[in-house]
Amino acid sequence: MAQPLVKKDDDHDDEAEYSPFLGIEKGAVLQEARVFNDPQLDPRRCSQVITKLLYLLNQGDYFTKTEATEVFFSVTKLFQSKDFGLRRMVYLIIKELSPSADEVIIVTSSLMKDMNSKTDMYRANAIRVLCRITDGTLLTQIERYLKQAIVDKNPVVASAALVSGIHLLQTNPEIVKRWSNEVQEAVQSRAALVQFHALALLQQIRQNDRLAVSKLVTSLTRGTVRSPLAQCLLIRYASQVIRESANTQTGDRPFYDFLESCLRHKAEMVIFEAARAITELSGVTNRELTPAITVLQLFLSSSKPVLRFAAVRTLNKVAMTHPMAVTNCNIDMESLISDQNRSIATLAITTLLKTGNESSVDRLMKQITNFMSDIADEFKIVVVEAIRSLCLKFPLKYRSLMNFLSNILREEGGFEYKKAIVDSIVILIRDIPEAKESGLLHLCEFIEDCEFTYLSTQILHFLGIEGPKTTDPSKYIRYIYNRVHLENATVRAAAVSTLAKFGAMVDTLKPRIFVLLRRCIFDSDDEVRDRTTLYLSTLGGDGEVVETDRDTKTFLFGDLDIPLVNLETSLKNYEPSEEPFDIDSVPKEVKSQPLAEKKAPGKKPTGLGAPPTGPPSTVDAYERLLSSIPEFSDFGKLFKSSAPVELTEAETEYAVNVVKHIFDRHVVFQYNCTNTIPEQLLENVSVIVDSSEADNFAEVASKPLRSLPYDTPGQTFVAFEKPEGITAVGKFSNTLRFIVKEVDPTTGEAEEDGVEDEYQLEDLEVVAADYMMKVGVSNFRNAWESMGDEFEHVDEYGLGPRENLAEAVIAVINLLGMQPCEGTEVVATNSRSHTCLLSGVFLGNVRVLARLQFGIHGSRDVAMKLAVRSEDEAVSDTIHEIVSSG
C-alpha cells in the first residue's frame, strides 16, 4: 500500500481527510504496474495497482502518450486471468485510458469474446467498454450484437446496451436510430431499470420530432409503464409536451388527467414528480393546483426528511406565484419550524413569510431569530429575501423587520450574505420613506466594522445620495470621516467623494466639510489626494456658508450620460494635440461594438463590409462611411444606426441584412449583401424598395453596387426623406435586383453576358423605437429631480389582458426603445405591481426619462401609469402618442 497501516486510535487532526492514497506518486505506481507482466499473476496485487492508476487519472494526473500506451498494453495481458474482480478492474482502466484507434484493435477481440460470453457480468461490462472506446467503423460490426443485447433476458446486459446507446447517440446517431424496434420492445420489459433506460433512449431518438414524442407519451400513459423510475421520466416528457402545446392549443391541457392520476400512484417518487410537474405548469389555475397541493401537504408530515424537504421546497416555489393556494398548508409548515433539519426549517419559515398575514409577522420573526445562526449562508440569503418581500408587502412592519436585518448584519457571514442584507436595507429605504433615517444609521454602523471593500464603497455612495436629504445630515459625517482614517485607499477615496456631496448639498455643513477635506490632502494615496484637490477646487467659497451653484451640483451628483466603455474607447483613440479632448464627441449609444455586419456563417468580411481598424464606436464608423458617399453627404449629423436586421434566412443563396441610419430629415437603408454561390458573379446589385405602406417617406437617392463576387460583402443604399420633427413609421417591401454571370471554376473568370434576376427579401419596418437612442443613467432619482417637472406629461393606459406583468413591461420597453435603469426591467414572479424606469435620447438629442407603474388585475388586465419628463414638451407628448397608438 501507499503508506504503512496505522492503528485506529492513533492521533489524527482530521479523520475525514485521511486517505489510503495519500502520498502516492505517478512514477512509483508506473513501476508497480510491471506486476501486470508477471508470468504468475497475483489478482489482488494487480487490482490494487489498477486502483492507484484510476485514482491518479481521476485526480487529474497527466499520463504522457508513451506512459499511457505502456500501461494499456500491460493491462491487456490481464485478460488471461479468470478472476472476476480483476476483470472488472480491467474494464474500468481501459475505459479511463481511452486508447487510440490503432490500440483499440488489440483489445477488440477480447472484448467481443467477453460480449458473447456465458457470464452475464462479462457481457454487460464488455458492451460498456466497447461502446466507450470504439469508433463508427467497428460499431457497424458489433451492431448486431448490441441489438440482441437490448432485448436480452438478463436485465443487467439489456441496461448496459441501452445506456451505451444513449452515449453513442451523441457521436453516431444514425446507427442508434436503427435500433428503434428493439428499444420499443425493451420499453415493455418487466425489469424496472431496463424500462427506465429504454424510455430515456427512445425519447432521445425521437426528440427532434415533436409529433413522435407526443405519440410516444400518448401510448405509454395508458398504463404500460410499471417502473417508478420510468414513470417519473414519463411525467417529465408529458410536462414537456404540455409546455410545447401551450401556445397552439386551447381548452383542456393534454395529459393533465395523466399527471393527476399519478398523484394516486403507490410510489412516493412518482407522486412527488407529478405534483411538482403540475405546480410548474405555465398559467396553472387554483383548481389544477389543488390536488397537487393536497399530496404535498401530506408529505409535510412524513417521517422521511427527504420527503418533507422536497414538499416544502416545492410549496416555497408555488408561494411565489400562488400564495393563497398554499395557505392551507400553513399549520403543517409551522410545525416544521422546529424540524431538526435546518434546511427544512428555513424553507418552511420563508414560505410562511410569503403566505402569512400582517398579524403573524412578529411571531415568525421571533422564531427565525432562534435558528439563524445554525443554517448555512445560502439559506440565510433565502430568509433575507423573504423578509424584504414581506416588508414591502406590509410597510407598517418596517421597524421590526429593519431591526432584524440590522442585527443579522452585525453577525458573522460571507460576502453574498452580507450583500443580500445591504441590498434589502437599501431597497426598503428607497421604497418606504419612513425607514430612511433608521436604515441609513444601520448602514453607517455596519461600515464601522465592514471587512468587504465593495460593500463599504457602495454604502458610502448611497449615503452621499440619500444622507443630505435627511432632517439632520450632520449625524452621518462622523461615520464617513472615520473611513478616511481607518480603511484602505479605495474606501478612503469613496469617503472623500461622499463628504464632498454633503458639502455641495448642505450649505450649512460646508465649513466643516472643508476642514475635513483639507486634512485629506496629505493622504498617502494618489487617488485620495487628487479627489480631495478636485472637490476643494470645485466647491469653492473657501469653505464659507454660501449656496453651491447648479453646475457644481450637476458635476458632483449628475449622471454621466455616456457609457463608460465608449468614453474609454474614445480616450484610447485620442491623440494628444493642441486641441483638447471634447467629451461631447463621445458617442452616447449603449452598444459600442465595431462595425460588423452579419453575413453567412463562417465567412470572413473584407472590403467595405469589414470592421474598421479601431473606430471609437459603431456610429462613428457608419458616419464616416455615409459622409464619404456624395448622395448622402448633405444629410447632416447621423443620430442613430440600428442593429442589422436580417432580410434572408440562414443558408440561402444570398445573405442580406439591413441597417437603418436615422437623420433629422432622412432615413438611409444600408443593405449588406453577400454572395454565397462560388460559381456566380453579381453585377449592378440594387434593392428596389416599395414604400406604398409608408406614407410619410419619399425616396430621394439610391446607390447600387457595381459588383458582388463570391464571399466578398458589399453594400447598396437607398435613402428616404421624411418630415422633420415627426416620428414617421411604415413598412417597406424589398426586392434584390441584379445581373448574374456564370464564373468558370477553373479560371475564375466570369462570362461576358449575364441574365437579369430578382430575389425577394423580407419586409422591413421603421418603428417609433428607431428614433430613440438607449442612454442609461446611473441614478434615476437624481436625474428625474434635476430634469424638473416643467415638461412632465402623465397619463394612464389600459394594456389589455397579458399572461403576466413581465410580458407587459417588455412590450412597452421594446415599443419605446429606451434603456431600462437600475435593473427595473426585471419583474418578480409573484408581483401584482411593478415600477419600471427608462432613460433615452430622442431624435434631436433631447434627453427623455420615463417612469412606468404597472398593475395587473384578477382578470389579467394590465393597467399602466406613464410619467414622462424631457427637455422638450413636444417630445414628452410624442412619447405618450407612441404608447397610445402602439
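Computed from a prediction, not measured in an experiment: that's the story for all the values here.
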Any side-chain heavy atom of [X] sitting closer than 4.5 Å to one from [Y]?
{"X": "F462", "Y": "L440", "answer": "yes"}
{"X": "V841", "Y": "V846", "answer": "no"}
{"X": "R483", "Y": "L460", "answer": "yes"}
{"X": "I421", "Y": "F446", "answer": "no"}
{"X": "T824", "Y": "V809", "answer": "no"}
{"X": "L866", "Y": "D795", "answer": "no"}
{"X": "L336", "Y": "R308", "answer": "yes"}
{"X": "R781", "Y": "E466", "answer": "yes"}

Donor-acceptor contact below 3.5 Å, side chain E871 vs main chain R847: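 Such a contact is found between E871 side chain and R847 backbone.
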Donor-acceptor pair, side chain of T351 and main chain of L347, under 3.5 angstrom: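 Judged by distance alone, yes, a pair lies under 3.5 Å.
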Can [X] and [Y] be counted as having a side-chain donor-acceptor contact under 3.5 angstrom?
{"X": "D523", "Y": "T532", "result": "no"}
{"X": "R399", "Y": "S438", "result": "no"}
{"X": "S870", "Y": "S876", "result": "yes"}

List for me each residue that meets side chain to side chain contact (heavy atoms under 4.5 Å, CB included) alongside [X], sequence neighbours excluded, and say none if there are none.
{"X": "D332", "value": "Q297, L300"}
{"X": "H461", "value": "I465, K501"}
{"X": "E568", "value": "K572"}
{"X": "P473", "value": "T470, F502, V506, L509"}

Neighbour count above 12 (heavy atom, 6.0 Å) for K469 NZ: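 It does: K469 NZ has more than 12 such atoms within range.
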Qualifying salt bridge (charged side-chain N to carboxylate O under 4.0 Å, His left out) pairs, either residue in [range], two or more places apart:
{"range": "residues 470-482", "answer": "E437-K475"}
{"range": "residues 402-414", "answer": "R410-E445"}
{"range": "residues 425-434", "answer": "none"}

Once rounded to the nearest 0.5 Å, what's the spacing between atom [atom1] of [X] and atom [atom2] of [Y]?
{"X": "L296", "Y": "T314", "atom1": "CG", "atom2": "OG1", "result": "5.5 Å"}
{"X": "L849", "Y": "Q819", "atom1": "CG", "atom2": "CD", "result": "12.5 Å"}
{"X": "I477", "Y": "I513", "atom1": "CD1", "atom2": "CD1", "result": "4.0 Å"}
{"X": "S833", "Y": "I856", "atom1": "OG", "atom2": "CD1", "result": "10.5 Å"}
{"X": "I381", "Y": "E416", "atom1": "CD1", "atom2": "CD", "result": "6.0 Å"}
{"X": "L534", "Y": "L517", "atom1": "CG", "atom2": "CG", "result": "10.5 Å"}

Pair R492 + E487: basic N to acidic O under 4.0 Å: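 E487 and R492: not salt-bridged.
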Side-chain ion pair, E792 and R869, N-O less than 4.0 Å: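 The answer is yes: the pair qualifies as a salt bridge.
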Trace of the side-chain contact (heavy atoms from CB on, under 4.5 Å) decision for M818 with K774: CA-CA 5 Å; M818 299 176 73; K774 291 186 176 182; 5.8 Å; no
Residues in ring pair (Phe, Tyr, Trp, His ring centres under 6.0 Å) contact with H793, at least two apart in sequence or another chain: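 Here the qualifying residues are H880.
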Residues which pass ring pair (Phe, Tyr, Trp, His ring centres under 6.0 Å) with Y479, listed by chain and number, not counting sequence neighbours: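 With sequence neighbours excluded, Y479 shows a ring pair (Phe, Tyr, Trp, His ring centres under 6.0 Å) to no residue whatsoever.
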Evaluation steps, side-chain contact (heavy atoms from CB on, under 4.5 Å), between E448 and N482: CA-CA 8 Å; E448 290 285 305; N482 282 348; 3.4 Å; yes
C444 versus Y476, closest heavy-atom pair with distance: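 In this case the closest contact between C444 and Y476 is SG-CD2, 3.6 Å.
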Residues forming a salt bridge (charged side-chain N to carboxylate O under 4.0 Å, His left out) with R313, sequence neighbours excluded: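 So R313 forms no salt bridge (charged side-chain N to carboxylate O under 4.0 Å, His left out) with any residue.
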Pairing residues for D525 by the salt bridge (charged side-chain N to carboxylate O under 4.0 Å, His left out) criterion, not counting sequence neighbours: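 For D525 there are no salt bridge (charged side-chain N to carboxylate O under 4.0 Å, His left out) partners, ignoring immediate neighbours.
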Criterion side-chain contact (heavy atoms from CB on, under 4.5 Å) on K418 and L455, from CA distance to verdict: CA-CA 8 Å; K418 292 297 179 74; L455 292 181; 3.7 Å; yes
Qualifying side-chain hydrogen bond (donor to acceptor under 3.5 Å, both in side chains) pairs with a residue from residues 449-459, counting only residues at least two apart or across chains: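 Sorted result for residues 449-459: T453-N488.
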Geometric class of the F415/F452 ring pair [parallel <30°, tilted 30-60°, perpendicular >60°]: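 Perpendicular.
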